[in-house]
Amino acid sequence: MPADPKERTSAPEAARSEIGFSDAERKLKAYLTALWRLHPVMRAAISAPGQSPPRRVTFDGGYIRVPQTYADVQGCGVEPIFRAALAHVAAHLTFTRARWQIGTLKPLQIALVSLIEDARVEALAIREYPGLNRLWAPFHVAEPTGALVAEMLMARLARGLFDPAYRDQDPWVSKGRTMFFDRRLEWENAAISREIGTLLGNDLGQMRIQFNAKTYVVEPAYRDDNAGLWDWSDTPPQEMEDTDVVIESFRVRRTEDESEPHQRRRSQDNDTGAGVAARERPIDADAGVPVARYFEWDYVLGRKHADWTTIVEFEPRRASTVGLDRLLSEYADVENRIRKLIRSTRVARPMRIRRRPEGERLDLDSCIRAAIEYRGGITPDPRVYETSEMRDRDLAVLVLLDASESTKEFVRNTTTTVLSVERAATALLAHAMEGLGDPFAIHAFCSNGRQEVRYYRVKDFNQPYGAAAVERLAGLRGGLSTRIGAALRHAHSEIRGQQAHRRLVLVITDGEPADIDVTDSKYLVEDARKAVQELGHDGIDVFCVGLDGGGDSYLTRIFGRRNAVQIDRIASLPDKLPALYLRLTG
Amino acid sequence: MQLDAYLITDEPYYRAIGDEVSLFEMAYASRMPMMLKGPTGCGKTRFIEHMAWRLRRPLVTVACHEDMTASDLVGRFLLDPSGTVWHDGPLTLAVRHGAICYLDEIVEARQDTTVVIHPLTDDRRILPLEKRNELVRAHPDFQLVISYNPGYQSVLKDLKESTKQRFGGVEFRYPDPAVEAEIVSHEAGIDFGLAERLVKIGQRSRNLKGHGLDEGASTRMLIQAGRLIAKGVALPAACDVALVLPITDDADIRDALSQAIAACA
Ligand SMILES: Nc1ncnc2c1ncn2[C@@H]1O[C@H](COP(=O)(O)OP(=O)(O)OP(=O)(O)O)[C@@H](O)[C@H]1O
Ligand SMILES: [Mg+2]
């Protein structure tokens with residue numbers, strides 16, 4: 001049963017280090033995108049213990065598994081075979097429009113229909129991209145001699161269909177070639193592959209030539225194992241038996257593939273998280289230290305409750321950054337772009353510089369002096385212009401992350417949580433801020449009633465954004481509630497000490513303020529609004545990025561219309577956040 | 001006339017993509033400020049040159065850049081032996097004498113610079129020269145045209161809403177393959193079949209936009225590759241020089257692009 005490609009897409013990447021394919025993967029992906037606008041998921045195929053590694057590419061929709069190495073291909077370098085293989089799959093993805101039902105076809109017929117189909121899609125691809133001929137040709141090495149066994153004849157036929165100049169006297173090969181080239185005008189139609197392949201299969205059967213489906217491997221080596229051409233799901237069980245071991249072995253392999261993601265998902269959790277214990281007890285309860293108390297604003301009474309909330313600071317657990325790095329690697333493009341944006345962002349305040357030999361304005365004082373000198377018969381000083389220069393950015397930022405329970409939810413259609421997207425976005429943002437040299441802090445919060453507003457310091461202003469900070473970021477876990485006003489007040493006291501010209505608190509939250517001891521949902525919104533106003537009073541800007549599609553009303557209420565944005569597709573946060581930051585501070 | 005030097009005497013080759021020529025003529029008839037939107041190298045500059053020639057107006061072009069100040073547009077005082085003298089900037093020249101003023105890549109200029117065009121682009125049609133204490137009324141033939149590349153960099157650099165909303169817009173994109181090949185063939189002086197191949201290559205590179213490239217190869221790049229081929233350079237080498245190397249520093253993407261080009265021919 002073919003697995004849902006979407007589900008597989010989200011499977012963690014295979015360990016790439018062990019494979020020759022990995023070095024070329026990025027190039028190959030871009031190659032497919034350039035030529036066919038395909039964005040397939042490619043993975044190195046992992047062999048099950050005790051089994052020999054897969055020798056051919058296999059694909060299932062846009063999900064492609066590539067052998068780690070091609071043992072049976074010599075002397076043409078690693079990259080060409082991978083490129084040839086993927087170009088072949090791309091030809092299928094472009095021209096093999098639907099999967100075939102197996103029906104009553106015998107294994108040999110299946111293999112031959114696939115062979116004709118390979119030739120057909122390649123012929124069409126070469127029509128569009130003649131250069132592919134040069135790519136595939138070196139792998140067609142069959143010679144018109146040798147034993148009359150099915151595998152060899154099929155390799156010869158494959159060559160004969162690919163290369164019109166190839167000479168082969170074998171009647172069966174010749175017949176196949178004639179049938180194929182006679183129908184040149186019908187190449188667009190996949191049905192001819194089935195027709196020709198079935199006939200050729202019958203002929204071979206009548207010639208009593210043996211075909212061993214168990215050991216059959218498609219030739220030439222760059223071609224895929226054909227599993228992706230057939231619809232295996234509808235094969236009734238009894239037919240299955242007398243159909244093929246080839247198919248059977250596909251199935252075995254497929255089931256293995258399917259079990260893989262689960263296993264690996266588990267191990268991924270282990271290395272992104274701090275182990276199973278941490279997952280069960282989301283928040284490290286032992287190390288909290290109460291550090292401050294703040295009032296809270298009660299909009300019903302119209303007054304403050306003094307000393308109402310307690311901030312308890314926790315040292316965030318450090319966790320391996322493997323998972324975070326992996327997620328970040330998916331955003332490599334974004335990182336590049338950010339780097340570029342940073343380079344072009346020389347955001348600064350203009351400063352006036354006088355007495356310049358050139359400039360855009362006259363410097364009045366120098367002009368007068370020059371005029372006096374001139375009248376007095378002295379050579380006037382030519383430096384009579386003034387100009388503006390940009391002074392460096394002067395900005396401090398505190399990023400305040402919402403780490404409440406709701407951030408543990410999965411982002412739609414993926415296996416990543418809101419919090420891990422927040423983490424990736426924050427990591428990208430941190431790179432941007434580092435790049436710009438802005439002093440910044442990353443803090444996170446959640447709450448467990450007013451007496452326990454938890455506050456995590458992932459990175460402080462005076463700390464470098466180094467390995468330790470990244471580990472703490474990776475170690476953030478979601479849990480509990482969102483008492484945002486109290487957290488904002490604490491952030492306020494943190495950023496107040498910064499000397500920068502501009503100070504910004506950047507809040508990232510995914511839900512409405514809430515806490516276990518509050519029933520009136522408006523209460524915490526109004527309190528948070530108050531906290532934002534207090535910050536504004538001290539000249540500190542607050543900006544909020546909301547990840548809750550429906551959060552418009554309360555976010556606008558808390559932060560003001562101009563100081564909140566909604567991101568409806570959470571997965572795009574890592575893309576949007578740094579850009580947004582640059583715009584905000586530019 | 002003052003701006004004779006800015007008159008375009010020979011027809012600049014422009015292959016119309018849609019009804020942009022007649023639309024623009026209509027817009028000029030009411031002196032509507034216009035914005036030409038589109039990716040780099042897709043013919044915006046060529047179009048405005050063609051239009052200026054067609055309308056028989058002088059064309060004053062200003063390439064905007066980050067360090068450009070309002071004085072660069074409007075003018076400034078310079079010193080001479082007897083004191084200071086005022087020099088009109090290019091915008092002022094166009095306003096006084098009735099030219100089409102084309103501000104190329106206006107997003108590159110800082111926003112405090114671009115606001116000087118505001119009074120020119122509403123009903124007032126005036127240009128205040130504050131430093132000189134003068135109010136220049138626009139010549140009846142004057143028209144302001146800006147170009148604007150809505151690429152990803154617009155996250156950072158964007159036109160103010162109040163600026164944008166003063167303009168009518170014409171959108172440019174890379175033309176259909178056959179038309180683009182016609183342009184490439186004409187401009188590079190190569191035969192149509194070869195131009196078609198270059199256009200195909202260009203399109204492959206455009207597939208990589210957002211997947212490794214910020215922007216695919218422009219018509220301009222294809223023309224340049226074509227010119228090299230016309231001089232006798234082989235197609236792969238010409239593409240390498242004119243298109244692959246300049247477009248990105250990312251070795252993987254360059255490799256992918258070279259291989260894709262190899263597949264095309
Ligand atoms: N429709 C067209 N007709 C004629 N030539 C064209 C056309 N489109 C593009 N070109 C050619 O492409 C070249 C580049 O176009 P042009 O300089 O006008 O680009 P642009 O859009 O102004 O780019 P940029 O935004 O980088 O300034 C021109 O020199 C011209 O040769
Ligand atoms: Mg195949």
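Lettering of chains follows the sequences in order, A, B, ..., and the numbering in each one begins at 1.
The residue among A:E128, A:R83, A:R361 with the most heavy atom pairs within less than 4.5 Å of chain B is A:R83. Contact count versus chain B (heavy atoms, under 4.5 Å) is highest, among A:L135, A:T33, A:L32, for A:T33. Chain A forms the most heavy-atom pairs under 4.5 Å with one residue out of B:S71, B:A265, B:S205, and that residue is B:A265.
Using a 4.5 Å cut-off between heavy atoms, A:L35 contacts chain B through both its backbone and its side chain.
Atom OH of B:Y6 has 12 or fewer heavy atoms from other residues, nucleotides or ligands within 6.0 Å.
By the 6.0 Å and 45° rule, B:K44 does not stack over the aromatic ring of B:Y148.
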Notebook entry, point to check: How far apart are the C-alpha atoms of A:Y129 and B:R204, what are their side-chain angles, what is the distance that settles it, and do they pass the side-chain hydrogen bond (donor to acceptor under 3.5 Å, both in side chains) test?
Noted result: CA-CA 11 Å; A:Y129 297 117; B:R204 300 314 115 185; 2.6 Å; yes
When the side chains of residues 171-179 of chain B are checked against the rest of the protein, which donor-acceptor pairs come out under 3.5 Å, sequence neighbours left out?
unit_1, atom_1, unit_2, atom_2, d
B:Y174, OH, B:T40, O, 3.0

